[in-house]
Amino acid sequence: MLREACCESSPFPVQSPASQPAQSPPQKNVMKERLIPLIESALDTLIDDGTLPADAKRPVQIDRTKDKSHGDFATNIALMLAKPAGMKPRDLAEKLIAALPSDSAVAKVDIAGPGFINFFQADDWLTGLLESALADDFLGIDRPEQPQTVVVDYSSPNLAKEMHVGHLRSTIIGDAVVRTLEFLGHTVIRQNHVGDWGTQFGMLLAYLEEQKAEEGERELSRELANLETFYRAAKQRFDESDTFADRARALVVKLQSGDDYCLNLWAEFNQVSLSHCQAIYDRLGVSLTPSDVRGESAYNDDLAQVVADLDSKGLISESQGAQCVFMDAFKNKEGEPLPVIVRKAGGGYLYATSDLAALRYRAGTLQADRMLYFVDQRQALHFQQMFTLAKLAGFVPEQTELAHMGFGTMNGPDGRPFKTRDGGTVKLVDLLDEAEQRAFALVQDKNPQLDETELRTIARSVGIGAAKYADLSKNRNSDYIFNFEQMLSFEGNTAPYLLYAYTRVASVFRKAERDMNSVNGDFLLNEEAEQALAARLVQFGEVLQNVANKGQPHLLSTYLYDVAGLFSSFYEHCPILSSEDESIRNSRLKLAALTARTLKHGMELLGLSPLERM
RNA sequence: GCGCCUGUAGCUCAACCGGAUAGAGCAACGGCCUUCUAAGCCGUCGGUUGCAGGUUCGAGUCCUGCCAGGCGCGCCA
């Protein structure tokens with residue numbers, strides 16, 4: 001079984017409920033960490049002098065402000081404590097500020113609105129952050145003292161067929177999160193839980209066997225070149241011939257019992273199918289490799305043991321001949337307990353069984369601290385059951401975070417599932433081809449002077465990047481509408497816009513014949529555009545933390561779009577090279593250099609390929 | 001029937017743990033290229049956040065009930 005339902009029927013998904021995202025490490029934000037003790041100290045002072053009741057203390061919340069006129073950070077503590085203190089919020093805020101220890105990072109503290117306390121960060125604090133980001137290979141982000149081992153289950157196509165558009169989201173989103181986790185310093189173990197063990201493999205093996213006999217190896221490889229066709233042909237044989245169907249069923253049994261002949265045939269088929277997948281990964285710039293593949297078949301030998309262990313813990317009951325686990329939290333249509341079936345009445349094992357085996361393997365052998373599953377939202381119930389059961393059975397330690405990072409369906413411009421004209425599923429290859437072709441035409445139109453090779457390179461980056469970014473820029477929870485025109489537009493939150501912004505920075509350095517890595521002088525942030533850009537640049541680290549904790553790459557997309565927009569604005573309003581004052585020129589070059597590195601790293605984390613020119 | 005997800009501007013999407021005046025892009029309208037890539041920038045227009053209650057100093061966000069769409073609920077994966 002796989003991460004998708006097989007065969008003709010539509011896939012099914014699930015989603016996940018609430019219990020999820022155990023925020024891993026605490027959010028790191030130097031300024032916040034610095035401000036909280038100050039506020040706590042002020043609270044203590046007011047408690048000591050009787051202004052606040054002794055039990056008034058509560059966690060201090062510090063947020064970034066949306067509006068710059070409200071400073072850089074704000075706390076609502078005075079609003080929260082006004083009632084227990086029996087004071088007006090603004091009066092309390094005033095007393096708090098009076099009791100606040102001074103700090104060199106804070107330039108000014110204000111009361112605003114109903115009683116918010118606003119903090120304005122000192123200019124030299126900001127420039128200090130910029131300097132350290134510029135000097136650091138990791139752009140000044142906080143790397144954890146205790147890296148986690150994170151197992152990420154993503155992509156996981158069914159090997160029986162070619163990859164189709166339904167696999168794009170898991171693959172792209174999962175890979176962006178994987179890259180982000182690694183950049184943040186965690187140990188990531190990719191797990192491509194491919195569907196290589198389903199019932200339909202008997203059919204494919206029977207057909208493969210038949211074709212080998214009839215056509216010979218050469219013809220066969222050609223035939224396998226289109227797995228979709230191969231699958232359909234096999235299905236047709238299965239439906240039309242009882243002999244064939246019987247043969248197929250027999251092959252499944254033999255395969256699953258470890259018959260060498262069947263295993264070899266199966267391995268041959270998988271090799272072809274996996275090479276198709278790998279070609280797509282390479283083209284997409286996805287970091288998965290053959291060594292990340294650990295499919296359902298890998299757990300075959302452990303399935304009986306899984307069931308035996310569940311049984312020894314007293315979790316198994318037999319129901320209608322099947323071995324089941326009933327958990328109180330899950331009810332069926334009739335409001336009766338809903339089983340997780342781990343062994344069929346006929347003795348076979350199921351999707352759930354191998355997922356339990358995988359959970360145990362990941363917790364035990366791989367020593368995962370976190371496990372993230374990037375799988376269609378429709379499988380939410382399944383994963384809820386798996387996670388609950390895995391902990392109940394002791395397969396996974398209680399403290400291990402198990403999260404289903406579900407996502408919605410990719411729909412066409414009409415808002416309905418993305419299909420070909422004749423209603424078939426869209427092959428991923430075809431979608432990528434079209435994206436590249438459209439990009440090629442657009443790029444050629446803009447830059448007719450470029451030669452064919454360069455056009456191709458740019459078209460690949462833009463076309464593939466646009467397709468990926470369309471997905472990465474949206475909250476994964478909901479369905480989204482896939483639209484070639486929109487994603488390839490150079491305006492708005494799109495890959496081309498980001499890519500272009502980067503080439504503009506690169507162009508400045510090319511023009512100046514300066515190396516991006518050897519800028520000097522001090523940051524001088526006099527213009528509004530400079531300040532806004534600088535303030536956003538130093539937030540890179542906390543954005544990445546959010547992406548890692550929540551499994552939401554669109555947070556990074558939004559951030560990069562902001563940075564690109566702020567840079568464009570800065571670029572328009574603050575001449576860099578033509579600035580007459582050398583110190584300003586240097587400062588702007590430094591800002592440009594940090595922008596370039598932030599955009600480049602950020603895009604690479606999303607799996608885009610930034611270009612120096614386009 | 002039970003459960004999960006979604007509902008924000010004409011369209012596509014944002015909105016961090018409940019915060020301050022709900023933000024972008026497209027579309028429409030109007031400006032800016034003798035100066036670092038105009039694939040850009042600046043501006044105008046556009047909202048009863050599905051509906052109704054509730055909690056709160058404060059609700060798109062939390063609670064309850066409706067409405068609409070999608071999905072799931074016993075031997076597929």
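Computed from a predicted model, the values in this text were never measured in an experiment. Letters A, B, ... mirror the listed sequences (proteins, then strands); counts begin at 1.
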K.L.:
Does any donor atom in the side chain of A/Asn546 or A/Gln552 lie under 3.5 Å from an acceptor atom in the other side chain?
P.N.:
no
K.L.:
Distance between the P atoms of B/rC66 and B/rG74, in whole angstroms?
P.N.:
25 Å
K.L.:
Using a heavy-atom cut-off of 4.0 Å across all strands, would you classify A/Asp562 as base, sugar-phosphate, or nothing?
P.N.:
nothing
K.L.:
Side chains of residues 336-345 of chain A: which donor-acceptor pairs under 3.5 Å do they make with residues two or more places apart or in other chains?
P.N.:
residue	atom	partner	partner atom	Å
A/Arg343	NE	A/Gly347	O	2.9

K.L.:
Taking the side chain of A/Gln320 as heavy atoms from C-beta outward, which of B/rU37, B/rG74, B/rG70 is closest to it?
P.N.:
B/rG74
K.L.:
Just how far, in rounded Å, is C1' of B/rG74 from CE of A/Met327?
P.N.:
13 Å
K.L.:
For B/rC33, decide between syn and anti, treating a glycosidic angle within 90° of 0 as syn.
P.N.:
syn
K.L.:
Checking A/Phe238 now: which residues fulfil side chain to side chain contact (heavy atoms under 4.5 Å, CB included) with it, not counting sequence neighbours?
P.N.:
A/Met203, A/Phe244, A/Ala245, A/Ala248, A/Arg249
K.L.:
Go through the structure and list residues passing salt bridge (charged side-chain N to carboxylate O under 4.0 Å, His left out) with A/Asp72, not counting sequence neighbours.
P.N.:
none
K.L.:
Do you know which of A/Asp515, A/Leu577, A/Leu589 makes side chain to side chain contact (heavy atoms under 4.5 Å, CB included) with A/Phe509?
P.N.:
A/Leu589
K.L.:
Looking for any heavy atom pair under 4.0 Å, which part of the strands does A/Tyr480 touch: base, sugar-phosphate only, or nothing?
P.N.:
sugar-phosphate
K.L.:
Rounding to an integer number of Å, can you tell me how far A/Arg416 CZ sits from B/rC71 P?
P.N.:
11 Å
K.L.:
Could you work out the separation of B/rG47 and B/rC41 based on their C1' atoms and round it to a whole Å?
P.N.:
26 Å
K.L.:
Classify the ring geometry of A/Trp197 against A/Trp266: parallel below 30°, tilted from 30° to 60°, perpendicular beyond 60°.
P.N.:
perpendicular
K.L.:
Would you indicate which nucleotide in B/rC75, B/rC36, B/rG70 comes nearest to any side-chain atom of A/Leu350?
P.N.:
B/rC75
K.L.:
Using atom P in both nucleotides, what's the gap between B/rG60 and B/rU21 to the nearest angstrom?
P.N.:
11 Å
K.L.:
Can you check the A/Arg504 CZ to B/rU35 P distance for me, whole Å?
P.N.:
13 Å
K.L.:
Closest nucleotide of RNA chain B for A/Lys331 versus for A/Leu450: which of these residues is on the 5' side?
P.N.:
A/Leu450
K.L.:
Among B/rA38, B/rG74, B/rG70, which nucleotide has an atom closest to any side-chain atom of A/Tyr571?
P.N.:
B/rA38
K.L.:
With sequence neighbours left out, write down each residue that passes side chain to side chain contact (heavy atoms under 4.5 Å, CB included) with A/Glu318, or none if nothing qualifies.
P.N.:
A/Gln323
K.L.:
Among B/rU12, B/rG40, B/rU37, which is the nearest nucleotide to the side chain of A/Lys474?
P.N.:
B/rU12
K.L.:
Tell me whether the OP1 or OP2 atom of B/rC36 has a side-chain N or O from A/Arg588 closer than 4.0 Å.
P.N.:
no
K.L.:
When you measure from the side chain of A/Lys83, which nucleotide among B/rC57, B/rA14, B/rU37 comes out closest?
P.N.:
B/rC57
K.L.:
Side chain of A/Tyr497 only, please: which of B/rA15, B/rU12, B/rG40 is the nearest?
P.N.:
B/rG40
K.L.:
Considering just the side-chain nitrogens and oxygens of A/Lys550, establish if one lies under 4.0 Å of OP1 or OP2 belonging to B/rC16.
P.N.:
no
K.L.:
Grab the NZ-P distance between A/Lys32 and B/rC17 for me, whole Å please.
P.N.:
10 Å
K.L.:
How would you list, by chain and number, every residue that makes a side chain to side chain contact (heavy atoms under 4.5 Å, CB included) with A/Arg510, sequence neighbours excluded?
P.N.:
A/Ala506, A/Ser507, A/Glu612, A/Arg613
K.L.:
Could you tell me the separation between the OH atom of A/Tyr502 and the P atom of B/rC36, rounded to a whole number of Å?
P.N.:
20 Å
K.L.:
Is B/rC67 syn or is it anti, if syn means the base angle is within 90 degrees of 0?
P.N.:
anti
K.L.:
What's the CD-C1' distance between A/Glu612 and B/rU37, to the nearest Å?
P.N.:
14 Å
K.L.:
Which whole-number value in Å describes the distance from A/Glu572 CD to B/rU37 C1'?
P.N.:
11 Å
K.L.:
Specify the separation, in whole Å, of atom CD1 of A/Ile481 and atom C1' of B/rU8.
P.N.:
15 Å
K.L.:
In chain order, what residues pass the salt bridge (charged side-chain N to carboxylate O under 4.0 Å, His left out) check against A/Asp153, with sequence neighbours excluded?
P.N.:
A/Arg3, A/Arg362
K.L.:
Could you give the distance separating B/rG31 and B/rC11 at their P atoms, to the nearest angstrom?
P.N.:
28 Å
K.L.:
If you measure from the C1' atom in B/rU8 to the same atom in B/rG46, how many Å do you get, rounded?
P.N.:
14 Å
K.L.:
Look at the side chain of A/Lys446 and decide which nucleotide, out of B/rC13, B/rA39, B/rC41, has an atom nearest to it.
P.N.:
B/rA39
K.L.:
Which part of the nucleic acid, if any, lies within reach of A/Pro339 when heavy atoms closer than 4.0 Å are counted: base, sugar-phosphate only, or nothing?
P.N.:
base
K.L.:
Within the 4.0 Å heavy-atom criterion, would you say A/Ile576 contacts the bases, only the backbone, or no part of the nucleic acid?
P.N.:
base
K.L.:
Taking any heavy-atom pair under 4.0 Å as a contact, classify A/Pro496: base, sugar-phosphate, or nothing.
P.N.:
nothing
K.L.:
Which one, B/rG74, B/rC36, B/rC41, comes nearest to the side chain of A/His573?
P.N.:
B/rC41
K.L.:
Would you tell me whether A/Thr65 and A/Asp67 have side-chain atoms, one donor and one acceptor, within less than 3.5 Å of each other?
P.N.:
no
K.L.:
Taking the six-membered ring of A/Tyr299, is the NZ or CZ of A/Arg294 close enough (under 6.0 Å from the centre) and on axis enough (within 45°)?
P.N.:
yes
K.L.:
Hey, does the side chain of A/Ser507 come within less than 4.0 Å of B/rU37's phosphate (OP1/OP2), counting only N and O?
P.N.:
yes
K.L.:
Please state the P separation for the pair B/rG58 and B/rG72 - nearest whole angstrom.
P.N.:
42 Å
K.L.:
Counting heavy atoms from C-beta on, name the nucleotide in B/rC36, B/rA39, B/rC42 closest to the side chain of A/Ser569.
P.N.:
B/rC42
K.L.:
Name all residues meeting the side chain to side chain contact (heavy atoms under 4.5 Å, CB included) criterion together with A/Asn493; count only those two or more places apart in sequence or in a different chain, and write none if there are none.
P.N.:
A/Tyr469, A/Ser473, A/Tyr561
K.L.:
Would you give a per-nucleotide map of nucleotides 19-30 of chain B, 5' to 3', where B means the base has a protein non-hydrogen atom under 4.0 Å away, S means only the sugar-phosphate does, and - means neither?
P.N.:
BB---SSS----
K.L.:
When the P atoms of B/rU55 and B/rG70 are compared, how many Å lie between them, rounded to an integer?
P.N.:
35 Å
K.L.:
Does B/rC73 have OP1 or OP2 sitting under 4.0 Å from an N or O in the side chain of A/His382?
P.N.:
no
K.L.:
For the residue pair A/His167 and A/Asn158, confirm or rule out a side-chain donor-acceptor distance under 3.5 Å.
P.N.:
no
K.L.:
With pairs taken as Watson-Crick or G-U wobble and both distances under 3.5 angstrom, which stems of at least three consecutive pairs involve RNA chain B?
P.N.:
B:1-7 with B:67-73, B:10-13 with B:23-26, B:28-32 with B:40-44, B:50-54 with B:62-66
K.L.:
So what does A/Thr503 touch, heavy atoms closer than 4.0 Å: a base, only the sugar-phosphate, or nothing?
P.N.:
base
K.L.:
Between B/rC62 and B/rA20, how far apart are the two P atoms, rounded to whole Å?
P.N.:
16 Å
K.L.:
From B/rA14, B/rC75, B/rC13, pick the nucleotide closest to the side chain of A/Ala345?
P.N.:
B/rC75
K.L.:
Assuming nearest nucleotide by heavy-atom distance, tell me which of A/Gly348 and A/Phe509 is located more 5' along RNA chain B.
P.N.:
A/Phe509
